Amino acid sequence: MKVELEVNGKGELLELDPGDTLLEALRAHGHTSVKNGCANGDCGACAVLLDGRAVASCLVFAAQAEGSEITTIDGLAGEDAAYHPLQQTMLDAGGVQCGFCIPAMILTAADLLARNPGPTREEIGSYLSGNLCRCTGYVKQIDAIEMAAAIMREGGADG
Amino acid sequence: MSRPGITEYLRPESLEEAWRSIADGAPTVRLLSGGSDLTISAPPEVTTLVDLSRALDSAVSATDDGSIQIGAGATLTAILEHQPLVDHGGGVIPEMMVQVGSPLLRNSATIGGHLARGRLSDVVPVLIALDAEVRIHRDGGQTSMSLSRYLSEGHNTRPHILTEVMLPALPASSAAAFHRQARTAFDFPILNACCRVDLGPGGVDQVRIVCGATPHLAHRAARAEASIESDGLTPSAIETASRLAGEEVPTETGWVASAEYRSHLVEVLVARCLTAVAERLGR
C-alpha cells in the first residue's frame, strides 16, 4: 500500500506493507536517524514527532500516519540554524556518549518544551521516562534540556 | 516489529462502516485505535486492520453539571492534559495517568483501545471508582453501560466498537486517591487500588474501593466500602476497612507475585488510598 505523509516538511509517498510500523517504514525510506532499539515500545530510541507529539514509532503502524507530519532529528533545526538549542546544549553539557538514544531523547524534550517552556528537573525526568540511556545517569541530559529551555524562553529558537 | 501476516488495512469513515468489517466476529479482523498494543502483540491469525481514527470521536468535553465525556479516540495524554479531568475527583486521574507507561506511549495509546483490550490496567480501577460508563456501537445501534459491567460481562470480548467514556458529576465534597505497586515505574502493576469517598450532610455518603491487577482487572471491596460508610474516615475505621479489603478481594499467584503478597498489598494500598482521601477531605 502507499501512504502519503510529510517528513521534515517534505511530502513523501511511502510504499509499505500494511503491517509495517512507522519505525520500519521511515528507516526503509532513508530516515535512519530514527533508531531501532527494542522495537517493542520499551526503549524509546525510535521516537519521532507525529503531528508535534513524541511517539515511539515502533508502536504505530505506518499506515496510521497517513496525512500526518513527522519530524525526525534531521528536521528539528530550522533551515537557517546549524543546530536546534536542544542539540547544541546536549553537546555543550556533555549529554552525548554513544549517541544512540539522543535523537529520540531530544525529540521527546522538544515535545515537552513546546507545552511546558519552564519544566522543573523532576518534570524533565518524568517526561524522559520512556527514553532509556544505558551510557549515562541522565544528569547531563537533564542539564542540557534545562539550558535549552532557558535559551528558548529568551527567544533563541522557536523550538 | 512488522506483522507480515497483515495484508489489508481499512480506514472506515463511519462507525457503521467499521461495524460491517467486524460484525461477523472473524478472528482475522482487528479494530485498530492507537496501535500501541497491536503493533507488538497482534495475534498471528490477524490479516486485516480496521483503523478507527476517522470513525471515532477523540474530543474530551465537560458539561456545566460537572460530567465529562471522553471520545474513545482520545489519547491518554489528551486525558492527562484536559483540565476538568485533571481536577475531577480531587486529582486522581493525573495521579494515576502519569504512572501509565511513558509519555511516548500515552501520546499514541487511546482510552478506547486501552479499555477494549481488557487487561493489565491502572486506568480501569480508577474509572470504576469514578462510576464511569461506556457507550458501545453494536448491531447498528448504541448502548451504554457501566465500565464495570462492560468488563465483567465480557462485552469487550464480543464484536463491538467502544465509542465513548462518560464520567458522571461528583459531589462537591468528594475525593479519590490511587496507589500502585510495581517492580519499577515502567512495569505493569503487581497490584493497584483506587478509593473514592463522597461526603454528605451526615458524614460519609458513598464509598468506592476498587483493587486491580489482582491479577484480574478490578474488584470492588463491598464489605470494606460498607465499613467506611458506617464508621467514617477515622484512622481506626481505615484500618478495619483495609483489613476487610485484604480479606475479601480475591487474589491469585502469578509470575510477578504470590496471592499472599497481593492480599497484603490490597491491605496496604487501600489504607494508603483511604488515608490520602481523608487528608484531601480535611478529615
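Being a predicted model, the structure only gives us computed values, none of them experimental.
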Under 4.5 Å from a heavy atom of chain A, the part of B/S41 involved: neither

Highest number of heavy-atom pairs under 4.5 Å with chain B among A/V60, A/D17, A/N36, A/L16 belongs to A/V60

Measure A/S126 against the heavy atoms of chain B and call it side chain, backbone, both or neither at under 4.5 Å. backbone

In terms of heavy-atom contacts, does CD of A/E122 have more than 12 from other residues, nucleotides or ligands at under 6.0 Å? no

Side chain from CB out, backbone as N, CA, C, O: work out which of these in B/R106 comes under 4.5 Å of a heavy atom of chain A, or both, or neither. neither

Any sub-3.5 Å donor-acceptor pair from B/R3's side-chain atoms to A/F61's backbone N or O? no

Does any backbone or side-chain atom of A/V48 lie under 4.5 Å from a heavy atom of chain B? Answer side chain, backbone, both or neither. neither

Sub-3.5 Å donor-acceptor pair from the side chain of A/Q64 to the main-chain atoms of B/G34, do we have one? yes

Gap between atom CG of B/D51 and atom CD of A/E66 - 0.5 Å precision: 10.0 Å

Can you confirm whether A/E4 is buried at CD, in the sense that more than 12 heavy atoms of other residues, nucleotides or ligands lie under 6.0 Å from that atom? no

Just so I understand: if I count every heavy-atom pair under 4.5 Å between each of A/A63, A/S57, A/G130 and chain B, which residue has the most? A/A63

So for atom OH, which belongs to A/Y138, do other residues, nucleotides or ligands contribute more than 12 heavy atoms lying within a distance under 6.0 Å? yes

Below 4.5 Å from any heavy atom of chain A, which atoms of B/L32 appear? Answer side chain, backbone, both or neither. side chain

Using only atom types and a distance under 3.5 Å, with no angle test, would you say the side chain of B/N107 pairs donor to acceptor with the backbone of A/A54? yes

Cut-off 4.5 Å, heavy atoms of chain B, and the answer for A/D42 is both

For the interface with chain B, which of A/V55, A/D111, A/L23, A/L50 has the highest count of heavy-atom pairs at distances below 4.5 Å? A/V55

Under a 4.5 Å cutoff for heavy-atom pairs, which residue among B/I6, B/V46, B/L104 has the most contacts with chain A? B/L104

Which atoms of B/T184 come close to chain A, meaning under 4.5 Å heavy atom to heavy atom: side chain ones, backbone ones, both, or neither? neither

So, the part of B/S36 with a heavy atom under 4.5 Å from chain A: the answer is both

What part of B/E8 is in contact with chain A, defined as an atom under 4.5 angstrom from a non-hydrogen atom: side chain, backbone, both or neither? backbone

From CG (A/L59) to CG (B/L105), nearest 0.5 Å: 6.5 Å

